[in-house]
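In what follows, a structure is listed as C-alpha cells, so that the remarks can point back to it.
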Amino acid sequence: IQQITEQTKQVHARMAGIKHKLVVMSGKGGVGKSMTTVNLALAFARQGSQVGLLDVDLNGPCVPRMLGLHGHQLTMTPQGAVPPTGPLGVKVASMDFFLDDASPVRWKGPMDVSPVWLGLMEMNVIREFLADVAWGELDYLLADLPPGAAADKPPVIAGFIPDLAGAIVVTTPSEVASDVVQKSVTYARDMGIKVLGIVENMSEYRCPSCGELNELFEGNTEAMCEVLDLPLLGRIPFDRKLARTFDKGAPLLDESYPTIQRYQEIAGRIRTLLDYK
Ligand code: ADP
Ligand code: MG
C-alpha cells in the first residue's frame with residue numbers, strides 16, 4: 001500500500017508540468033481510437049502546442065508503430081525516463097517501449113489466471129510506468145486507453161491521471177446502434193470524469209465499387225449525442241489512404257489533406273471547450 005501511495009505521488013509530480021490531460025476512450029476495440037488519438041495529437045502539435053501521447057494498451061500498444069517509433073526506447077536519465085519524439089515533435093510514451101517480449105505482462109494466448117488478478121497486475125505495471133515517465137512541460141497529453149474488454153477498465157486507469165481535463169469518446173456509426181458507447185459514457189461520468197464530446201470515426205462509408213454513401217446509420221450519432229447531452233466534436237470519414245500511412249508507420253502529415261483538416265477542426269473545438277471550462 002505504501003509503495004502504491006509513493007508511486008501515485010510520483011505520478012502527480014511527473015505530470016505537474018502538463019496543462020491539459022485528456023483520455024480517449026471507446027466502447028469497444030477496432031473503432032479507430034488509436035487512429036483518432038494519434039491524429040488529434042498531431043493536430044494539436046500543428047497548432048503550435050507541445051504534445052505528449054500516452055499509450056497504455058498492454059495487449060496491443062500500437063502508437064509507436066503508427067508513428068514510425070517502434071523499436072525506440074525511453075531514454076533513462078537521472079531525471080526519469082524521457083520519451084522519444086515522433087513527427088511534429090510529439091512525445092510518445094508507450095508500454096511498447098517498456099515491455100520486452102519476454103515480459104510476463106505481455107500475455108499472449110490462454111492464461112490460467114483470473115481476470116481480477118490480470119487487472120491488478122496491469123494496473124500495477126501502468127502505475128509504475130507512469131511514475132517513471134518524465135514528460136516535462138506540455139500543453140496537451142492525450143492518453144490512448146485500452147478498450148473496455150472488461151467494460152470498467154478505461155475509467156479505472158483514467159483514475160491514475162491526476163487533474164484529468166476530460167474524456168473524448170470515439171465511436172463509429174454502427175457502434176452507436178448498440179448501447180456500448182452509452183454505457184462507457186455513463187461509467188466515465190460515474191467516476192467523475194467529464195466527457196467532452198464524441199468523435200464519429202469511419203463515417204460517410206462509401207461502397208468501394210459504386211461510391212454510394214451508406215445511409216443505414218445516418219443520424220444515429222447525433223441522436224445519441226442529444227440523449228447524452230454531448231457535443232459531436234466531428235466526423236472522420238472512412239479514409240483508407242490516410243489509415244494505411246499510419247499502418248505503415250509513415251504517417252501522412254500534409255495539412256491541406258481534407259481528412260487531416262477534419263482532425264484540425266476537432267482539435268480546435270476541444271481547445272475551445274477547455275478554454276471556456
Ligand atoms: P482501435 O484503437 O480502436 O482498436 P485503430 O485505431 O487501431 O482502432 O484502428 C483499427 C483499424 O482501422 C486500423 O487498421 C486503422 O488503420 C483503421 N482505421 C481507423 N480509422 C480509420 C478511418 N477513419 N478510415 C479507414 N481506416 C481506419
Ligand atoms: Mg488502439
Side-chain angles (χ1 to χ4, degrees), residues 22-43 53-70 86-87 90 92-99 106 108 122 126 142-151 153-155 157-158 167-178 180-181 183-185 188 198-208 211 213-214 217-218 220-221 232-254 257-267:
L22 300 166
V23 293
V24 182
M25 35 184 268
S26 67
K28 60 178 188 200
V31 300
K33 184 168 51 68
S34 298
M35 177 80 174
T36 306
T37 314
V38 166
N39 275 285
L40 287 179
L42 293 171
L53 258 172
L54 173 65
D55 175 22
V56 284
D57 196 337
L58 279 170
N59 294 300
C62 64
V63 168
R65 206 175 287 276
M66 291 172 75
L67 291 177
L69 290 174
H70 182 62
V90 172
V92 180
S94 169
M95 297 306 294
D96 187 51
F97 303 146
F98 187 65
L99 310 169
R106 193 166 283 224
K108 286 196 174 120
E122 268 191 0
I126 291 167
L142 281 90
D144 185 2
L145 295 187
K153 243 188 218 162
I157 293 170
I168 295 153
V169 177
V170 180
T171 185
T172 64
S174 59
E175 195 199 25
V176 170
S178 70
V180 56
V181 182
K183 267 196 187 135
S184 55
V185 168
I198 308 261
V199 173
E200 187 188 79
N201 189 39
M202 305 196 207
S203 53
E204 298 157 43
Y205 183 73
R206 284 171 191 280
C207 165
L213 203 61
N214 179 356
F217 301 111
E218 282 296 294
N220 278 352
T221 307
L232 179 58
L233 297 170
R235 321 181 111 110
I236 302 298
F238 191 89
D239 187 334
R240 176 86 74 205
K241 183 187 163 200
L242 179 66
R244 220 175 246 150
T245 70
F246 286 89
D247 289 344
K248 285 193 300 198
L252 183 75
L253 298 169
D254 175 9
Y257 187 75
T259 305
I260 290 180
Q261 283 177 1
R262 300 268 192 120
Y263 286 116
Q264 295 295 142
E265 286 163 18
I266 296 172

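Here the structure is a predicted model, which is why all the values come from computation and not from measurement. Read the numbers this way: they start at 1 and go in the same order the structure lists the ligands and their atoms.
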Looking only at heavy atoms, what is the nearest atom pair of Leu69 and Phe97, with distance? O-CE2, 3.6 Å

One finds that the ligand 1 atoms under 4.0 Å from a non-hydrogen atom of Ala243 are 16 (O), 25 (C), 26 (N), 27 (C)

Within the 4.5 Å heavy-atom criterion, are Thr36 and Ile168 side-chain neighbours or not? no

Could a heavy atom of Phe238 be found less than 4.0 Å from some atom of ligand 1? yes

Any nitrogen or oxygen of Arg240, side chain or backbone, less than 3.5 Å from one on ligand 1? no

Which of the listed options, Asn201, Leu242, Ile236, holds the heavy atom that is closest to atom 21 (C) of ligand 1? Asn201

Evaluate Gly32 for polar contact with ligand 1, using N/O atom pairs at a separation under 3.5 Å. yes

In this structure, are over 12 heavy atoms from other groups packed under 6.0 Å from Arg65 atom CZ? no

Please indicate whether any nitrogen or oxygen in Gly30 is less than 3.5 Å from any nitrogen or oxygen in ligand 1. yes

State whether the shortest distance between N or O atoms of Met35 and N or O atoms of ligand 1 falls below 3.5 angstrom. yes

Looking only at N/O atoms, are Asp144 and ligand 1 under 3.5 Å apart anywhere? no

Provide the closest heavy-atom pair for Ala41 versus Val90 in the form atom of the first, atom of the second, distance. O-CG2, 4.1 Å

Could you tell me which atoms of ligand 1, counted from 1 in the order shown, lie closer than 4.0 angstrom to a heavy atom of Lys33? 1 (P), 2 (O), 3 (O), 6 (O), 8 (O)

Per-atom contacts, ligand 1 versus Asp247 - under 4.0 Å to a heavy atom: 13 (C), 14 (O), 15 (C), 16 (O)

Who's closest to atom 12 (O) of ligand 1 heavy-atom-wise, of Glu200, Lys248, Met202? Met202

Do Thr259 and Asp239 have side-chain N/O donor and acceptor atoms under 3.5 Å apart? yes

Going by heavy atoms, is Ser26 under 4.0 Å from ligand 1? no

What about Lys28: any of its N or O atoms under 3.5 Å from an N or O on ligand 1? no

Would you kindly specify which portion of Cys62 sits under 4.0 Å from ligand 1, judged on non-hydrogen atoms: side chain, backbone, both or neither? neither

Heavy-atom nearest pair, Thr221 first then Pro173, reads OG1-CA, 4.3 Å

Using atom types as modelled and distance alone, determine if a side-chain donor or acceptor of Asp55 lies under 3.5 Å from a backbone N or O of Val63. yes

Which pair of heavy atoms, one from Val23 and one from Ala158, lies closest together, and at what distance? CG1-CB, 4.3 Å

Residues in side-chain hydrogen bond (donor to acceptor under 3.5 Å, both in side chains) with Arg235, at least two apart? Glu200, Glu222

The Mg ion (ligand 2) to nearest N/O/S of Ser34 below 2.8 Å: yes

Can you name the residues that form a side-chain contact (heavy atoms from CB on, under 4.5 Å) with Ser34, not counting sequence neighbours? Cys62, Met66, Asp144

